[in-house]
Amino acid sequence: MRRIISIFILIIISFLLQSVLFSFQNVRGIAPNLLLILTMSFGIMRGRREGMLTGFFCGFLYDIFFGTLIGPYMFLFMIIGYLNGAFHKEFLMEDVLMPVIIIIVDEIVFNFVIYVAAFLLRNRTHMFYYMTHIVLPQMLFTALATIIIYRFYVFLNKFLKKRAGENEVV
């Protein structure tokens, strides 16, 4: 129960930071995608199920406040969280290189799907401009933010696992 409450609080904090603080403090309109970092982190640390559930709630908030429909971002975040959960047993949790590589791939997939849905289907075919001016800078900011934020999530995950183990023994 403590883990669920902690993840819910992290989702709210990440959403508020991304939508309020980084909307004012950004570079050329580009800010790191904190909800994607959160979904990726808990997907690879806790597995497919928790990655998918974290992605569900992150995408739900994204849809409510930024989307025109409820569902598309929720589905996209769920898929990303589920796919990242496949790496759950493949790496050491303290390793930062693999999460950075994963978040770069996630950011490319996320932005490509947005490009197809928002621009390409409306016959705006300036993909090179979109990739160089929006995707690349956002990918770099998100990768840099992942290096810092992921370590905090690892620390929190270890703390919650330790607390859950102590509660089971007592």
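What you find for Thr142 and Pro32 is that their closest heavy atoms are OG1-CA, 3.5 Å. Shown here for Ser14 and Leu35, the closest heavy-atom pair between the two residues is CB-CD2, 4.0 Å. Annotation for Gln138 and Ala31: closest pair CG-O, 3.6 Å, computed over non-hydrogen atoms.
For Phe75 and Phe56, the ring centers sit 6.0 Å or farther from each other. When ring centroids are compared, Tyr153 and Phe42 come within the 6.0 Å threshold. For an aromatic pair to be called close, the ring centres must be under 6.0 Å apart, and Phe60 with Phe77 fails this. Checked against the 6.0 Å centroid threshold, Tyr130 and Phe119 count as a close aromatic pair.
Note on ring orientation: taking the six-membered ring where Trp is involved, the planes of Phe66 and Phe15 are tilted (angle from 30° to 60°).
Going from atom CD1 of Ile134 over to atom CE of Met139 covers 13.0 Å, rounded to the nearest 0.5 Å. For the atom pair Ile37 CD1 and Ile102 CD1, the distance stands at 13.0 Å (nearest 0.5 Å).
Partners of Arg3 by salt bridge (charged side-chain N to carboxylate O under 4.0 Å, His left out), not counting sequence neighbours, listed by chain and number: Glu50.
Although no hydrogens or angles enter the test, the distance criterion places no donor-acceptor pair under 3.5 Å between the side chain of Asn111 and the main chain of Val135.
Counting heavy atoms from C-beta outward, Ile80 and Met40 have side chains that stay 4.5 Å or more apart. Taking the side chain as every heavy atom from C-beta outward, Thr132 and Phe128 approach each other to under 4.5 Å. Between Arg49 and Tyr82, the closest side-chain pair of non-hydrogen atoms is not below 4.5 Å. Side-chain atoms of Ile12 and Leu61, non-hydrogen and from C-beta on, do get closer than 4.5 Å to each other. Taking 4.5 Å as the limit, every side-chain heavy atom of Tyr73 sits out of range of all side-chain heavy atoms of Cys58.
Shown are Thr54, Thr39, Asp106; of these, the side chain to side chain donor-acceptor pair (under 3.5 Å) with Asn84 is made only by Asp106.
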